[in-house]
Asks: 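Below you will find the structure I want to go over with you.
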There are 2 protein chains.
Amino acid sequence: MDRTRSDVEVGGGVRRDSRAAKPSDNAPPVLAPLDGFVGFHLRLAQDASFRAFATRSGVRNLRPGRFAAMVVIHNNPGITPMALSRAIVRDKSTVTPLIQDLERQGLVQRVRSTVDRRSVQLSLTKDGEEILDQLLAHARKHDDKLDQIVGAEKPKLILLLRKIADTLS
Amino acid sequence: MDRTRSDVEVGGGVRRDSRAAKPSDNAPPVLAPLDGFVGFHLRLAQDASFRAFATRSGVRNLRPGRFAAMVVIHNNPGITPMALSRAIVRDKSTVTPLIQDLERQGLVQRVRSTVDRRSVQLSLTKDGEEILDQLLAHARKHDDKLDQIVGAEKPKLILLLRKIADTLS
DNA sequence: TATTGTTATACTCTATAACTATA
DNA sequence: TATAGTTATAGAGTATAACAATA
């Protein structure tokens with residue numbers, strides 16, 4: 001990214017930056033018509049939240065799917081890739097390389113099932129559990145920040161978000 | 001995607017699907033530790049919302065950035081690619097192909113600035129305005145659905161989301 | 001026949017860096 | 001020197017389709 005500082009208010013009506021307008025800025029962009037859309041603010045908030053989390057955790061070990069996959073495996077040792085793909089709502093062909101990557105890093109273990117020899121049982125290695133702990137620590141700190149922002153409204157916010165996700169899916 | 005029906009409750013504590021467990025399902029995945037995180041629910045809600053919108057609008061003309069870019073251009077005729085890139089929070093090198101694509105489809109017009117011959121002034125064509133109208137109609141219908149879901153809490157929800165986006169960025 | 005998991009392949013979105021043409 | 005915009009390139013993340021092994 002080569003942006004210095006946004007000179008645009010994307011979501012609201014207040015200019016964030018009051019430096020003198022340059023020629024190329026003579027029409028300060030506004031997104032007025034999108035401003036009333038829940039979906040639009042959902043996107044901005046999610047985007048900001050994800051970037052902030054990525055920054056905090058050092059970017060490297062994060063990756064959207066990785067974290068969620070590790071949490072699911074941690075909480076469901078022995079889960080199959082198929083079940084995992086349903087849990088994180090991604091295609092099975094997306095899960096395969098994800099798991100291979102985690103295995104290559106020594107974070108996940110794959111064991112052929114003895115009862116159904118087509119399937120594989122996934123579990124976190126000791127290293128995987130440690131890394132997950134670290135990621136969860138980052139996530140908690142990140143969410144503390146979000147807690148400060150939303151304050152006492154947190155339960156209500158989560159309820160609404162869950163309602164949106166459940167109803168639309 | 002090859003998923004049939006989720007047999008997993010991702011965000012809450014209630015099973016959505018009560019069919020008999022199959023062998024591969026013997027450890028029904030739960031995401032308990034993520035359940036208290038605002039960021040996690042943000043991601044699920046945004047994901048669900050985006051998918052629903054994409055489905056509604058027929059997928060073709062949608063695309064995340066396209067819509068936002070067209071709205072910004074519509075509201076700021078003559079805006080330069082640089083200013084646009086700041087408005088949609090993407091790198092200028094991301095904006096170039098986006099605009100080229102819109103131009104190829106006859107939706108956006110590029111005119112060399114006469115005052116600063118480095119820069120370009122963007123505007124929507126007649127076709128572009130029509131397409132945008134259609135997209136906005138879809139967006140409105142989509143948001144009506146979201147309105148039904150969040151009801152009277154909508155202003156509060158938008159306020160919270162905006163607060164998150166503003167504070168974290 | 002149906003399912004699990006892998007592979008091959010492709011598409012979208014995004015960014016960094018290097019370049020040009022201006023300023 | 002600095003900025004606007006383009007190009008070349010690369011890397012995530014995702015999906016569809018076809019396949020082998022197994023059920």
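Residue numbers start from 1 in every chain, and the chains themselves are labelled A, B, ... in the order their sequence lines are given, proteins ahead of strands.
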Asks: Under 3.5 Å, is there any donor-acceptor pair linking the side chain of Arg90(A) to the base of dT14(D)?
Replies: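 Answer is no: no donor-acceptor pair is held.
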Asks: If only side-chain N and O atoms count, and only distance matters, is there a donor-acceptor pair under 3.5 Å linking Gln105(A) with Asp101(A)?
Replies: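 Yes, side-chain donor-acceptor contact under 3.5 Å.
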Asks: Do any side-chain nitrogens or oxygens of Thr94(A) fall under 4.0 Å of OP1 or OP2 in dG13(D)?
Replies: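 It does not, given that no N or O in the side chain of Thr94(A) lies less than 4.0 Å from OP1 or OP2 of dG13(D).
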Asks: Look at the side-chain N and O atoms of Gln100(A) and state whether any lies under 4.0 Å from the OP1 or OP2 oxygen of dG5(C).
Replies: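 So the side-chain polar atoms of Gln100(A) never come under 4.0 Å of the phosphate oxygens OP1 or OP2 of dG5(C).
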Asks: Within less than 4.0 Å of OP1 or OP2 of dT6(C), is there a side-chain N or O belonging to Thr96(A)?
Replies: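 Result: yes.
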Asks: Hydrophobic cluster membership, with links at side-chain heavy-atom distances under 4.5 Å among I/L/V/M/F/W/Y: are Leu107(A) and Leu136(A) in one?
Replies: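 Same hydrophobic cluster.
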Asks: Taking only residues two or more places apart in sequence, or in another chain, which ones meet Ser123(A) in a side-chain contact (heavy atoms from CB on, under 4.5 Å)?
Replies: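 For Ser123(A), the residues satisfying side-chain contact (heavy atoms from CB on, under 4.5 Å) (neighbours in sequence not counted) are Gln109(A).
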Asks: When the distance from CG of Leu102(B) to P of dT12(C) is rounded to whole Å, what number comes out?
Replies: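 Taking CG of Leu102(B) and P of dT12(C), I get 13 Å after rounding.
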Asks: Below 4.0 angstrom from OP1 or OP2 of dT6(C), is there any side-chain N or O of Arg118(A)?
Replies: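 False: Arg118(A) side-chain N/O out of range (4.0 Å or more) of dT6(C) OP1/OP2.
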Asks: Given the structure, check if the side chain of Arg117(A) and the base of dT22(D) hold any donor-acceptor pair shorter than 3.5 Å.
Replies: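 By the distance-only test, no, there is no pair.
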Asks: For Val95(B), report the nucleic acid contact type (base, sugar-phosphate, nothing); a contact means any heavy atom under 4.0 Å.
Replies: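 Touches nothing.
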Asks: Of Leu98(A) and Val115(A), whose nearest nucleotide on DNA chain D comes first from the 5' end?
Replies: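 Closer to the 5' end of DNA chain D: Leu98(A).
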Asks: Hey, does Arg110(A) reach any base, or is it just sugar-phosphate, or nothing, if we go heavy atoms under 4.0 Å?
Replies: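 Touches sugar-phosphate only.
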Asks: Asp101(A) CG to dT14(D) P: how many Å, rounded?
Replies: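 In whole Å, dT14(D) P and Asp101(A) CG are 13 Å from each other.
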